[in-house]
Number of protein chains: 2
Amino acid sequence: MDTKAKILIVDDEPDILEFLKYNLIKEGFEVYTSTNGKDAIQKAKEIIPDLIILDVMMPGMDGIETCREIKQINILKNILIIFLSARAEDYSQIAGYDAGADDYITKPIKLRILISKIKALLKRFSLDEIKTNIIDFGEIKIDKENYTVVKKNINISLPKKEFELLVFLASKPNRLFTRDEIMNRVWGTSTIVGERTLDVHIRKLREKLGDDLIKTVKGVGFKFEV
Amino acid sequence: MDTKAKILIVDDEPDILEFLKYNLIKEGFEVYTSTNGKDAIQKAKEIIPDLIILDVMMPGMDGIETCREIKQINILKNILIIFLSARAEDYSQIAGYDAGADDYITKPIKLRILISKIKALLKRFSLDEIKTNIIDFGEIKIDKENYTVVKKNINISLPKKEFELLVFLASKPNRLFTRDEIMNRVWGTSTIVGERTLDVHIRKLREKLGDDLIKTVKGVGFKFEV
DNA sequence: ACAAAAAGTTAATTGTATGTTAATTTAATG
DNA sequence: CATTAAATTAACATACAATTAACTTTTTGT
């Protein structure tokens with residue numbers, strides 16, 4: 001995660017809220033808090049956090065209900081949710097999962113476990129975006145840190161745009177990207193360049209990495225094949 | 001999940017292995033078992049399960065070590081892992097997360113919780129696949145995103161018009177479309193092309209995907225049969 | 001059974017998307 | 001500020017998908 005993950009904590013007990021806030025900030029997260037479900041949904045819409053820690057037991061709208069609502073709101077539905085349940089009780093745990101929670105933890109909170117869970121979830125969720133620095137396809141390895149491709153143990157250093165194009169295509173191997181998608185993501189929506197620019201870069205990549213790697217689907221776009 | 005999720009259970013205790021196997025099969029999973037880390041990795045490479053349930057305490061290579069190894073193998077690294085730990089002890093739990101586990105559960109196993117966790121993880125993980133727009137007819141799969149047809153595990157990449165025609169026909173399997181309907185929807189109302197154009201495209205599709213797939217109803221049109 | 005219509009087939013043609021190379025502009029670096 | 005490399009453009013070539021044309025086979029109705 002290249003930018004701080006945003007976490008929204010929802011609990012009616014101020015002590016717990018403060019305790020968690022303090023510790024999660026210390027862990028490097030960007031922390032927001034809320035004391036009830038309604039307010040939490042409102043805040044979530046503004047902040048779009050990466051993860052919400054949600055107390056099950058709350059006056060008014062409880063955690064499970066809040067979760068259900070969140071899961072019905074399009075821009076929020078993919079936000080990760082960890083339930084905090086007061087009792088280590090099966091029922092509420094399972095209800096939580098059904099409501100769409102991704103994990104739960106029981107009070108009293110064991111901080112290290114909570115943090116582990118948060119990190120594990122964020123890691124999994126951001127699989128695409130993750131900066132593993134080296135994407136390994138066996139034959140070919142892409143070293144994001146060094147703008148380098150390793151092919152059969154020889155290093156090939158690529159210039160910026162070529163490398164970015166490669167990384168973008170390789171981010172979803174075998175997935176076809178349309179020319180527009182590629183242009184928008186690699187060149188950005190504002191910059192307008194000619195039609196042939198993309199082809200020339202593809203050419204350069206094929207020249208350096210072999211012709212088989214990037215496949216054309218005529219009329220549509222290109223894909224990185226492994 | 002349109003196809004059964006594959007789960008590999010790794011535990012040195014045959015009783016637990018059998019207990020889990022029995023219950024998970026009952027839940028509709030495809031279950032494989034292994035009694036040690038080395039064997040598990042071997043099996044995982046062959047099976048490529050969706051999820052591995054891994055006992056932490058095992059003679060020889062323990063669960064944490066096994067997990068670490070799995071996470072270093074490219075084709076396996078995205079497999080979900082749930083740890084089974086004998087004691088509700090923080091250390092091993094956290095070590096598990098660091099090693100790359102996605103969840104853990106403590107013995108004695110509460111079956112319903114385990115199943116909830118499995119389903120929650122699979123659900124989250126399969127989010128990507130849900131989005132990939134694959135129409136699955138068993139024998140043949142149409143990957144809308146990639147303009148590709150998968151037949152008997154081989155990928156056939158189709159050119160634009162052929163693919164669009166196929167997708168249109170496959171949008172309502174077994175439904176008969178008239179030539180006019182097809183022309184209007186695939187070629188659009190404005191473009192006027194000759195009578196034989198459609199036939200030639202049908203021909204190409206049958207050539208690539210087999211003759212049985214698209215059936216002619218003389219005097220009317222065509223249908224995609226499954 | 002025969003003619004007429006519809007669809008199948010193959011090869012040739014056409015048109016467009018992409019490939020290619022070299023020249024030019026832009027940006028990075030010492 | 002000069003030098004060098006990268007990015008982009010321009011001009012042209014190529015490849016292949018799409019279509020058409022010409023011909024054959026199958027179906028259908030009388």
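A note on names: the letters A, B, ... follow the listed sequences, proteins ahead of strands, and every chain is numbered from 1.
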**Q** Roughly how many Å is it from CD1 in B:Ile214 to C1' in C:dG8, rounded to a whole number?
**A**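 In whole Å, C:dG8 C1' lies 14 Å from B:Ile214 CD1.
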
**Q** Could you state the OH-P distance from B:Tyr147 to C:dA17, rounded to the nearest angstrom?
**A** 13 Å

**Q** Please report the shortest heavy-atom distance between B:Leu54 and B:Gly63, naming the atom on each side.
**A** CD2-O, 3.3 Å

**Q** So, the side chain of B:Lys151 versus the backbone of B:Leu209: is there a donor-acceptor pair under 3.5 Å, distance only?
**A**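 At least one qualifying donor-acceptor pair exists.
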
**Q** At under 4.0 Å between heavy atoms, how does the protein contact nucleotides 16-30 of chain D? Give one character per nucleotide, 5' to 3', with B, S or -.
**A** SSSBB-B---BS---

**Q** Are any of the side-chain nitrogens in A:Asp211 or A:Arg206 under 4.0 Å away from the carboxylate oxygens of its partner?
**A** no

**Q** State whether A:Asp50 and A:Lys6 are salt-bridged, where the test is any N-O pair (Lys NZ or Arg NE/NH1/NH2 against Asp/Glu carboxylate O) under 4.0 Å.
**A** no

**Q** Taking the side chain as every heavy atom from C-beta outward, state whether B:Ile202 and B:Leu169 have any pair of such atoms under 4.5 Å apart.
**A** yes

**Q** Using a cut-off of 4.0 Å on non-hydrogen atoms, how would the nucleic acid contact of B:Phe163 be classed: base, sugar-phosphate, or nothing?
**A** nothing

**Q** With side chain to side chain contact (heavy atoms under 4.5 Å, CB included) as the criterion, how do B:Ile140 and B:Leu213 come out once you've worked through the C-alpha distance, each side chain's angles and the decisive distance to 0.1 Å?
**A** CA-CA 9 Å; B:Ile140 202 162; B:Leu213 203 68; 3.6 Å; yes

**Q** For A:Lys21 and A:Thr33, work out which heavy atoms get closest and say how close.
**A** CD-CG2, 3.9 Å

**Q** Without decimals, in angstroms, what is the distance between A:Lys215 NZ and C:dT18 P?
**A**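 Distance, rounded to whole Å: 14 Å.
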
**Q** Would you work out how much the helix from C:dA1-D:dT30 to C:dG30-D:dC1 bends between its ends, with each end axis defined by five base pairs, to 10 degrees?
**A** 40°

**Q** What orientation do A:Phe224 and A:Phe137 show, parallel under 30°, tilted 30 to 60°, or perpendicular over 60°?
**A**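 A:Phe224 vs A:Phe137 ring planes: tilted.
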
**Q** Whole-Å distance between C:dG8 P and B:Asp211 CG?
**A**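 After rounding, the reported distance stands at 10 Å.
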
**Q** Do any side-chain nitrogens or oxygens of A:Thr216 fall under 4.0 Å of OP1 or OP2 in C:dG19?
**A** yes

**Q** What is the distance, rounded to the nearest whole Å, between atom CD of B:Glu207 and atom P of C:dT9?
**A** 9 Å

**Q** Only one of A:Val217, A:Leu176, A:Asn174, A:Val220 passes side chain to side chain contact (heavy atoms under 4.5 Å, CB included) with B:Asn146; say which it is.
**A** A:Leu176

**Q** Are the charged groups of B:Glu181 and B:Arg175 less than 4.0 angstrom apart, N to O?
**A**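 A salt bridge links B:Glu181 with B:Arg175.
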
**Q** Does a salt bridge link A:Arg179 with A:Asp199, judged by any charged N lying under 4.0 Å from a carboxylate O?
**A** yes

**Q** Quick check on contacts: within residues 179-186 of chain B, what sits under 4.0 Å from DNA chain C by heavy-atom distance?
**A**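 Per residue number, the list reads B:Arg179.
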
**Q** For A:Asp199 and D:dT14, give me the distance from atom CG to atom C1', rounded to whole Å.
**A** 13 Å

